[in-house]
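Inspection log for the structure reproduced underneath, given as structure tokens.
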There are 2 protein chains.
Amino acid sequence: MVSSTEENYLKAIFKISEKENAPASTNAIATEMKTSAASVSDMIKRLAEKELVSYEKWKGVTLKEGGKKIATGLIRKHRLWEVFLVDKLNFSWDEIHPIAEELEHIKSDELAMRLDEFLGFPKFDPHGDPIPDENGNFTFRKQVLLSEFKGQKGNIVGVDEHSTQFLQYLDRLELTLGTPIEILEKIEYDGSIRIRIKGRTEQIISNKVAQNLYIKAS
Amino acid sequence: MVSSTEENYLKAIFKISEKENAPASTNAIATEMKTSAASVSDMIKRLAEKELVSYEKWKGVTLKEGGKKIATGLIRKHRLWEVFLVDKLNFSWDEIHPIAEELEHIKSDELAMRLDEFLGFPKFDPHGDPIPDENGNFTFRKQVLLSEFKGQKGNIVGVDEHSTQFLQYLDRLELTLGTPIEILEKIEYDGSIRIRIKGRTEQIISNKVAQNLYIKAS
DNA sequence: ATATATTTTTAGATTAATCTAAAAATACTA
DNA sequence: TAGTATTTTTAGATTAATCTAAAAATATAT
Ligand SMILES: [Mn+2]
Ligand SMILES: [Mn+2]
Ligand SMILES: [Mn+2]
Ligand SMILES: [Mn+2]
């Protein structure tokens, strides 16, 4: 039996070691889980007992097969539920995360499968994040941050930050998923970028925004 | 903050005091929750502290306003999710209960509202149980157990037992919700009943089955 | 009404998950 | 390389939810 808390730790470890490409440190996990390093140390031991992670004192944590399965399963369910909330219940992309955070822990595998089918086997969630298949394999896509984009034209395909504030600001700028944009000018002074949105509106985008928007060349 | 465990106790208390039309006894709650009377005694005190129930030692428990709100909210969410699972994900009525048992604890009120709308504001769940509105009001319906039915013709509108075994047996007999039946003979010997199903098949139904099937005269 | 049975509560432990404070190990820096 | 800073672990407590065993209250039955 794996508790919801344990599941959340496994997901955090997955997220950190994907990003760092290295074992997850106690402190990184503590930050991600918004808890104390002491609690993390405790929990890691429990997960190691259950053979879900590899762990040597002072050397960080890596997911084992079983732990990875659980982590990617959670991500899969989280993202499928997010698609459900947006596509079927008309929630907006800035409201869904906390609800999906709860829904991802519903146990039934059958449920995930049928939900996937009901939604038409989506490959990406409402934030543009890939939805892993039942084996934990993610679809990759050629995408770069707007701040690093070298081309002329592209479409918004994802966001790197998921905060309500950021997503609502994007809504206001009409920079939602799929939106076609054209680079007009990269401003040296502060790294902001002048773009044309949907072939119409011209807009200056701050560097901070550009660093959180994924573009795919078109 | 009310935990899922506390929510389940409140639901159990609601169920028992509805059926008995009296305060719920410690033992009845323990049976319903599949736990010890000692644990129930503990929990009741905690719920009383939180003003969710009225409780005097040795005298049983009654829900207060707040506790009732939570209990009916849970029942509402449970039954809405059951409708979702059957109508949208094509689960059968004998598989959905344990999944709904988890889904009912997802917090968002907005979610329940939008789910209700998405499902077309259903008034009954896949077992024929009424779905309360946001204020906890149930729709009542003239229905009797088949074993007590005096009329000639009627339709199956609900079940009193929800076990997988019973529901699958009903599927086999084609006695699903909405099915029209006609009483042909009440057998004195063992209380079983000979009926015609959908104007076609003739079948003998045991007294035990008849005691768990709700009929509405047609 | 008194003895017996049943129900309910209390006492005392246990387990998961958390915390703060302090100790131990490792990393960084002059 | 020594000294300081940072990270990680351990120690010791706390809280929710559970358990078994035993005590206390209530109900039932002769
Ligand atoms: Mn999310
Ligand atoms: Mn997402
Ligand atoms: Mn149910
Ligand atoms: Mn039901």
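Chain A is the first sequence line, chain B the second, and so forth, proteins listed ahead of strands; every chain is numbered from 1.
Applying a 4.0 Å cut-off to non-hydrogen atoms, the residues of residues 15-30 of chain A that approach DNA chain D are A/S25, A/T26, A/N27, listed by residue number. DNA chain D is contacted by B/A38, B/S39, B/D42, B/M43 of residues 37-44 of chain B, taking any non-hydrogen atom closer than 4.0 Å. DNA chain D lies under 4.0 Å from at least one heavy atom of each of the following residues of residues 45-68 of chain A: A/K45, A/Y55, A/K57, A/W58.
For the 3.5 Å distance criterion, the side chains of B/S192 and B/D190 qualify, holding a donor opposite an acceptor. Using modelled atom types, one finds no donor on one side chain facing an acceptor on the other under 3.5 Å when comparing B/D125 with B/H78. At a cut-off of 3.5 Å, with distance as the only test, no side-chain donor of A/D94 or A/H162 sits close to an acceptor on the other residue. For the 3.5 Å distance criterion, the side chains of B/W93 and B/D171 qualify, holding a donor opposite an acceptor.
If you look at B/F14 and B/Y9, their ring centroids are not closer than 6.0 Å.
Side-chain N or O atoms of A/R141 include one that pairs as donor or acceptor with a backbone N or O of A/G128 at under 3.5 Å. Side chain of B/R114 to main chain of A/L89: a donor-acceptor pair is present (N/O by atom type, distance under 3.5 Å, no hydrogens or angles).
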Chi angles and distances behind the side chain to side chain contact (heavy atoms under 4.5 Å, CB included) call for B/L213, B/L145
CA-CA 5 Å; B/L213 264 185; B/L145 292 174; over 6 Å; no
Check step by step if salt bridge (charged side-chain N to carboxylate O under 4.0 Å, His left out) holds for A/E49 and A/K45.
CA-CA 6 Å; A/E49 295 259 305; A/K45 276 178 224 155; over 6 Å; no
Going through the distances and angles, do B/V86 and B/I96 end up as a side chain to side chain contact (heavy atoms under 4.5 Å, CB included)?
CA-CA 8 Å; B/V86 168; B/I96 57 183; 3.7 Å; yes
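A salt bridge links B/E101 with B/K11: at least one charged nitrogen is closer than 4.0 Å to a carboxylate oxygen.
Residue B/T35 places no side-chain N or O under 4.0 Å from the OP1 or OP2 atom of D/dA17. Taking side-chain N and O atoms only, A/S36 has no distance below 4.0 Å to OP1 or OP2 of C/dT20.
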Determine all donor-acceptor pairs shorter than 3.5 Å in which one atom belongs to a side chain in residues 154-161 of chain B; sequence neighbours excluded.
unit_1 : atom_1 : unit_2 : atom_2 : d
B/N155 : ND2    : B/G178 : O      : 2.8
B/D160 : OD1    : B/Y214 : OH     : 3.0
B/E161 : OE2    : B/S163 : OG     : 2.6

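Rounded to an integer number of Å, the gap from A/N8 CG to C/dA16 P is 17 Å.
For B/A12, the side chain to side chain contact (heavy atoms under 4.5 Å, CB included) partners are B/E32, B/M33, not counting sequence neighbours.
If one axis is set at each end of the helix from C/dA1-D/dT30 to C/dA30-D/dT1 from five pairs, those axes are 0° apart, to 10°.
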